[in-house]
Number of protein chains: 2
Amino acid sequence: MNSKRKILLQAKVLFAQQGFDGVSIRSLAKAVNLSPAALYHHFPDKKTLYLETVQCAFAEQEHVFSKVWCSEGTARQKLIEFIECFTELMFADPAFHRLMQRELLIADNERMQLLAEDVFKEQFVELMNIIRQLAPRLDAHLAAVSVLGLVCQQLEMQPLLKCLPDWRLQHEQPQSLAKHINDILLNGI
Amino acid sequence: MNSKRKILLQAKVLFAQQGFDGVSIRSLAKAVNLSPAALYHHFPDKKTLYLETVQCAFAEQEHVFSKVWCSEGTARQKLIEFIECFTELMFADPAFHRLMQRELLIADNERMQLLAEDVFKEQFVELMNIIRQLAPRLDAHLAAVSVLGLVCQQLEMQPLLKCLPDWRLQHEQPQSLAKHINDILLNGI
DNA sequence: GTCTATATGGCGATAGAC
DNA sequence: GTCTATCGCCATATAGAC
């Protein structure tokens, strides 16, 4: 395989796990069986390597939901489908989700604008449109974030939840989780 | 003020902002007007300093919600009150929330168990009890996390949300947010 | 309890051979 | 395109004076 691609894929995993400062060029080089110097042939410096890693990881996710938005169902069916699809995606690629969390903690303004424009905007607008159809009384922006929050928080808190009462293995299965979220969203508490 | 306490309070802010690897003993020392060596009088090493910082930050939050659980209202009123209280708390102390996010990313098993037992368990059980009264059909554990997720995700995604369509300043006001979350939780979409 | 000075090591990055 | 060797810097941590 292309060395540059191999580096980017490994970097995604390591940066997601340990963050920018936690990953050294040396450790990344060892993980892909190259010398540290070899990495500098493909990237001018560590920061650029990191940014390309993030860009590469997010580019993979750009058009995942097109099939949901184009489906023939009602708005309600589309929302249910989106939640199932989004939950599956987040659980299938934890490195992506962790990278996202770290980017949000860094919150670099320029990068946030790029992420918003290139990766999230289109999907977010579609989600808001569905919500507007289903619940015109709600602020669509707030409600869209609520939908995402219901999915993401279950993932983020997983390590803690295992240590709290009434936790079940089932809680980490995306289908079971999607079902719960759909229930709570459509019927309330 | 006590030097050790001054160090811990400043460390909370810096570690929350930049993470364990992002904060050097030197930079922390400069921020509290001490030499790096002075910090080693109060803490044996950097890792211990970090752990004490986290422990100190979380200890402050232990009994914040007791007034909610002891109030005289119905289960529904208590839930509304909890959401308002929790939202206010998270927005009032962003350093605490960021530290929590970073701890979840590290996900050290021993520390998760301590956090669960000492800080979150009691509140989490109370929240589950309220939910069981309101909606026996739901898995109380999943539903409790959903409530927390609705609040936390709005905070975590803030830097990105500003760059997405239909964002309003109002979305960052805790009261306005709590109102939305209560609406969506009690009535659904 | 705080300082100055310093030991020791890992870091990002570069030079130059192959 | 990859290597070995290395530079210069900043990190954690310690020694010992005050």
Side-chain angles (χ1 to χ4, degrees), chain A residues 1-57 59 95 98-99 101-103 105-108 110-111, chain B residues 1-57 59 95 98-99 101-103 105-108 110-111:
Chain A
M1 194 196 331
N2 184 337
S3 264
K4 180 160 183 176
R5 178 155 179 76
K6 198 166 70 181
I7 294 167
L8 285 172
L9 288 178
Q10 184 64 55
K12 174 186 171 185
V13 175
L14 292 181
F15 281 131
Q17 198 65 39
Q18 305 169 264
F20 180 83
D21 297 309
V23 179
S24 65
I25 294 288
R26 288 162 144 85
S27 66
L28 174 55
K30 188 171 279 184
V32 292
N33 273 312
L34 288 172
S35 72
L39 271 62
Y40 285 94
H41 172 76
H42 300 281
F43 308 92
D45 53 36
K46 188 186 177 184
K47 189 169 180 184
T48 305
L49 195 166
Y50 173 77
L51 293 179
E52 280 200 43
T53 302
V54 173
Q55 209 161 359
C56 174
R98 293 172 71 88
L99 217 50
Q101 281 181 267
R102 293 195 184 275
E103 277 295 290
L105 278 168
I106 296 166
D108 176 90
E110 204 176 319
R111 251 141 69 201
Chain B
M1 192 194 337
N2 183 338
S3 266
K4 180 161 183 174
R5 179 154 178 77
K6 199 167 67 180
I7 295 166
L8 285 172
L9 289 179
Q10 184 64 54
K12 174 186 170 185
V13 175
L14 292 180
F15 281 132
Q17 198 66 37
Q18 304 169 263
F20 180 84
D21 297 307
V23 178
S24 66
I25 295 288
R26 286 161 142 86
S27 65
L28 174 55
K30 187 170 281 184
V32 292
N33 273 314
L34 288 172
S35 72
L39 271 63
Y40 285 93
H41 172 77
H42 299 282
F43 308 91
D45 52 36
K46 188 186 176 184
K47 188 169 181 182
T48 306
L49 195 166
Y50 173 76
L51 292 179
E52 281 200 43
T53 302
V54 173
Q55 211 161 358
C56 174
R98 292 172 71 88
L99 218 51
Q101 281 181 267
R102 293 196 184 273
E103 277 296 289
L105 278 167
I106 297 166
D108 176 89
E110 203 177 320
R111 250 141 69 202

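Keep in mind that the numbers below use all heavy atoms, side chains included, and drop hydrogens, waters and symmetry copies. Here is the naming used below: chain letters follow the sequence lines, and residue numbers restart at 1 for every chain.
Of the residues in residues 8-17 of chain B, none has a non-hydrogen atom less than 4.0 angstrom from any atom of DNA chain C. DNA chain C lies under 4.0 Å from at least one heavy atom of each of the following residues of residues 25-41 of chain A: A:Ile25, A:Arg26, A:Ala37, A:Tyr40. Residues from residues 42-55 of chain A placing a heavy atom under 4.0 Å of any atom in DNA chain C, listed by number, are A:Asp45, A:Lys46.
Of the inter-residue distances, the one linking B:Asp108 atom CG with B:Leu51 atom CG reads 8.0 Å to the nearest 0.5 angstrom. Note that NZ of A:Lys12 and CG of A:Leu99 are 7.5 Å apart. Values are rounded to the nearest 0.5 Å. Rounded to the nearest 0.5 angstrom, A:Leu39 CG and A:Ile7 CD1 are separated by 4.0 Å.
For the helix from C:dG1-D:dC18 to C:dC18-D:dG1, the terminal axes (five pairs an end, C1' atoms, rotation from four pairs onto the next four) enclose an angle of 0°, given to 10 degrees.
Nearest approach of A:Ala16 to A:Arg102, heavy atoms of both residues: O-NE, 3.0 Å. Closest of all the heavy-atom pairs between B:Asp21 and A:Gln18 is OD2-O, 4.4 Å. When all heavy atoms of B:Ala29 and B:Ser35 are compared, the closest pair comes out as CB-C, 3.8 Å.
Protein chain B contacts DNA chain C from C:dG1 to C:dT4, reading 5' to 3' and using non-hydrogen atoms of the protein with a distance under 4.0 Å.
Checking side-chain atoms of B:Lys46 against main-chain N and O of B:Phe20 turns up a donor-acceptor pair under 3.5 Å. Formation of a donor-acceptor pair under 3.5 Å by the A:Arg98 side chain with backbone atoms of A:Gly19 is not found in this model.
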Just do the side chain to side chain contact (heavy atoms under 4.5 Å, CB included) check on A:Val54 and A:Phe15 with the steps written out, would you? CA-CA 9 Å; A:Val54 173; A:Phe15 281 131; over 6 Å; no
I would like to know whether B:His42 and B:Leu8 meet side chain to side chain contact (heavy atoms under 4.5 Å, CB included); could you show each step before the answer? CA-CA 10 Å; B:His42 299 282; B:Leu8 285 172; over 6 Å; no
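For residues 22-33 of chain A, the set of pairs meeting the side chain to side chain donor-acceptor pair (under 3.5 Å) definition, not counting sequence neighbours, comprises A:Ser24-A:Ser27.
Between B:Tyr40 and B:Ile25 there is a side-chain heavy-atom pair separated by less than 4.5 Å. Within the 4.5 Å cutoff, the side chain of B:Gln17 has no heavy atoms near those of the B:Leu14 side chain.
Heavy-atom neighbours of A:Gln55 CD from other residues, nucleotides or ligands within 6.0 Å: at or below the threshold of 12.
For the pair A:Lys4 and A:Phe43, the distance from NZ or CZ to the six-membered ring centre is under 6.0 Å and the angle to the ring normal is within 45 degrees.
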